[in-house]
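In what follows, a structure is listed as structure tokens, so that the remarks can point back to it.
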Amino acid sequence: MSDPATPPRSLAEDLRVRDDASLTVLLRSRPDLITPVPTDLTQLATRAGTRASVVRALERLDRFALQTAEALAVAADPATYDELLALMAGDEGDPAVTGALPHALGTLREQALVWGTDDRLRLVRTARELLTPSPQHPSPTGLGPTVQEATAGMSPGRIQEIVTTAGLPSTHDAVSAVSALTALFTDRTRMSALLADAPEESREVLARLVWGPPYGQVTADPAAHLRRLLDRGLLLPTAPGTVVLPREVALHLRSGRAHRATEPLPPPVEPASTHSPQVVDTTAAGQAYTALATVEELLKDWHEGGPAVLRAGGLSVRDLKRTAVALDVPEPVAAFWTELAYAAGLLASDGEADERFAATPAYDEWLEQPAAERWARLAESWLAATRTAGVVGGRDAKDRTLSALGPGLDRSAAPEVRHRVLTLLAELPQGASPSPESVLARLRWERPLRGPQRDDDLRARLARWTLNEAELLGVTGRGALSAHGRALLGAPGAGPGGKPAGGRDRSTGPSATGPTATTGPTSATGPTTATGATGATATAATTHGVTSTGPGDKLPVHHEHPRPAGPPEPLSAAEQAVASAAAARLLAPLLPEPLDHVLLQADLTAVAPGPLRRPLADTLGVLADVESKGGATVYRFTPGSVRRALDAGRSASDLHAFLAEHSRTPVPQPLAYLIDDVARRHGHLRVGAASAYVRCDDDAVLNEILADKRAAGLRLRRLAPTVLAAQADPAGLLEGLRAMGFAPAAESAEGDVLITRADAHRTPPRTAPEPVPDGPPTPDATLLAAAVRAIRAGDLASTTPRKPSGAAPAMTGGELPRTTSAETLATMQAAVLTGESLWIGYVNAEGSASQRVIAPVRVEGGFVTAYDHTADEVRTYPLHRITGVAELADDQV
């Protein structure tokens, strides 16, 4: 076991003296470390240092924490806290940096990217390799190699020349010469004197290289001012024609700063305008109602089978344009609505040979729910969806066009960005809408891009799309987060008067003013109490150094810092369900009540002054065509729409009764005449399948059809006085006759009139598309507690010393213990009598070997029953699978 009083010599030792709460934070922030659960802390440390895991952890740091890691990468290894502070704050000192550095360093410690005490800070080796400056991978600091690195291939004679020209005494070897030159460049007084004698042209060259890139080109015969710099080592050659500014010289010119602009505090999200909360909620509710109406209109238009599915999957460009025209929205917005319906499970492909998009059975269930609950389902699906409508029309890696409802639209970062953008809106005062640029600036600080900044980076585009889509969906109103939008996030202040309306108060990460500032490093004031994942109370000192495993076992550390608070964790499924229900309750009073009446006009129109109840809306949607939408919907009655209602099985008397019942005005005479006229002619002609035929009891009507030139394309001929045969199919014959002004009815093979309904086509039951996760999911508390317990027990098994056996020395892990079957059985039986714990090697049925610490309880029938400290439970093991057994050292019993 590690001695808590001794500074750790490796990351594994550093993790070994941490408490359970600290390990839990590490595994939660880096979930890839727990897949699968490491067998012990050495394996956990090894996994935490792998390149893929370190890259993922670095990409999730905020800008200041990443700048702190970059500063450690150019510092000495190990570095002291004071050296790190000097690199971050500079010679003149920056109070904001001084106050924020403990928080940033604590973040790096908690994520196991930095380990060691304050006088020996070490960056994980892989992170140092990734962040250290090199010609192939320049550092964001703009610094170059050290004097020692830049002179590695230089001849000793040339190094001695540089030392002598710089005014230093010559040395006996190159190593001491490089050390002397380094000491000169890191001495502020001597460096100032050396640079004071340099001509202005030389200082200008250094000024051009000081903030990077540190490399420059020179000719074979450099000018005098360049030669002066080369002779004194202020510029060092790295290749023919290439020189570099040594890191020590650059830091002197920068007044000790590793970065040109250090950003210790997150930029605030600035309100662009402020509205009253009532106006925001009302506007958002209006948008929510429009969102419901738009999704209903989209799926109603696809009731009988929507557009065909492309061979590669998705919606064609032409069909997307038609959908946009039908919804009266731009094409990107139409793509958003189709993707939203698909994400909510209301829309899918039918899977037929002639595959088409259509509504799912879940759509019918969704229609029966109250309006607020229907909106909550759409909003919840939008929050969690990884499919991103904003990329529709772009190109994939193979230069293929990305289609709506097609493959390749998943962007794993989308849910996180949506949640974070809305959370930033929730941090503003109610009714305040943010400046989009300030939101983007905040997101870039919280998750900066490693490498050159780009205006079109994915997170920035996702943030812009989130702001637009939230407004379309009614989560925001006039750019400000609504009350039901706050409730959807589970944020506080969602109810009237700022009171929580469901969900729970969740940390939202660094505030606009940044982390709590302190005046500088202070001494530890004592241990604080933290509850570990196992539920036991552990004592931990919240310091720059790692926390201890128990009272009195603290490492020697110097500074105290608050435990970092990252961005808010996403709601669990159960919490999201509660939050969605709370959002629906807040939205419900703001939505207009459905009406049970319309206003019939003499010009064959009906005005719906608001949303209609479901049965009325469905019937009226069949009987009339929508002419205009808005606050009031205008329906127009036409011969075609009346015929559609008759085809659906309604009679003329049914239609008269329906209109009389639901109209607040008398049924206009023109509308009554229209219904009677269409009904009188409806079904007078009958169309069936031969190829197709027309029959009518009135042969004069058939004569009229044959004489009409428009019937030439149908290729009709008389089979009998009351029957005409056609070469067209029944559907084409129906359409042709209707275009000629007739009202034919389709009939079955038995001669019965076929009744067609608008909602006839549905897909088989479909599930909504599963979001594509951005790496391993965040483990829950139960899994974290079990993982920490297993890692602790496995580490105990691998590090507990064993008693020496004969002449063999005591061992601390490594290979499995090996004993004969007789020795194993005898040792087990003795341990049952004495109650001692043993160290065993065990090979399971899959051939995986492990080491365990057990306390045998019973040995019989070839099995040993024991309390397994590794699993923290009683287990039974076959004796033939135990490779060997050893007693624990006396000080471990």
Side-chain angles (χ1 to χ4, degrees), residues 266-291 371-373 375-376 378-380 382-383 416-443 446 463-514 565 567-571 575-576 578-592:
V269 178
E270 300 172 352
S273 58
T274 303
H275 311 278
S276 70
Q278 292 78 11
V279 170
V280 170
D281 293 347
T282 303
T283 304
Q287 286 296 120
Y289 169 72
T290 302
E373 294 181 16
W375 176 87
L378 292 180
E380 184 177 342
W382 170 71
L383 268 181
E416 178 198 348
V417 173
R418 291 191 195 107
H419 190 272
R420 186 59 186 143
V421 168
L422 296 182
T423 302
L424 291 175
L425 267 61
E427 294 175 359
L428 296 175
Q430 292 191 18
S433 61
S435 162
E437 290 306 317
S438 67
V439 173
L440 295 180
R442 179 62 171 270
L443 291 178
E446 292 181 349
R464 293 189 184 96
W465 294 333
T466 296
L467 293 172
N468 294 333
E469 292 167 0
E471 192 75 15
L472 286 173
L473 194 53
V475 176
T476 60
R478 300 196 178 185
L481 192 64
S482 62
H484 49 274
R486 291 176 186 271
L488 187 69
L489 295 176
K499 297 179 180 179
R504 57 188 175 96
D505 191 356
R506 306 177 67 84
S507 170
T508 55
S511 66
T513 58
E569 299 174 14
L571 296 172
E575 291 170 339
Q576 186 60 68
V578 173
S580 298
R585 287 194 298 271
L586 286 174
L587 177 62
L590 302 176
L591 294 176

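One is the number of the first residue; the rest follow in order along the sequence.
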(Q) Tell me every residue that passes side chain to side chain donor-acceptor pair (under 3.5 Å) with Gln576, counting only those two or more places apart in sequence or in another chain. (A) Ser580

Q) Residues in side chain to side chain donor-acceptor pair (under 3.5 Å) with Ser433, at least two apart? A) Ser273

Q) Are Arg442 and Glu446 within salt-bridge range, i.e. N to O under 4.0 Å? A) yes

Less than 4.5 Å apart, any side-chain heavy atom of [X] and any of [Y]?
X: Leu489; Y: Leu481; value: yes
X: Leu424; Y: Pro434; value: no
X: Arg464; Y: Val439; value: no
X: Asp281; Y: Leu586; value: no
X: Thr423; Y: Arg420; value: yes

If you measure from [atom1] on [X] to [atom2] on [Y], what distance do you get to the nearest 0.5 Å?
X: Gln430; Y: Ser482; atom1: CD; atom2: OG; answer: 10.0 Å
X: Leu383; Y: Leu378; atom1: CG; atom2: CG; answer: 11.5 Å
X: Leu571; Y: His419; atom1: CG; atom2: NE2; answer: 5.0 Å

Determine the minimum heavy-atom distance between [X] and [Y], stating which atoms define it.
X: Ala480; Y: Ala432; value: CB-O, 3.4 Å
X: Ala372; Y: Leu591; value: N-CD1, 3.8 Å
X: Gly431; Y: Val280; value: CA-CG2, 3.9 Å

Q: Please assess Leu428 against Thr274 for the test side-chain contact (heavy atoms from CB on, under 4.5 Å), listing each intermediate value before the final yes or no.
A: CA-CA 10 Å; Leu428 296 175; Thr274 303; over 6 Å; no

For residues 469-478, which side-chain N or O atoms pair as donor and acceptor with protein atoms under 3.5 Å away, sequence neighbours left out?
unit_1	atom_1	unit_2	atom_2	d
Glu469	OE1	Trp382	NE1	2.8
Glu471	OE1	Thr476	OG1	2.6
Glu471	OE1	Gly479	N	3.1
Glu471	OE2	Arg478	N	2.8
Thr476	OG1	Glu471	N	3.3

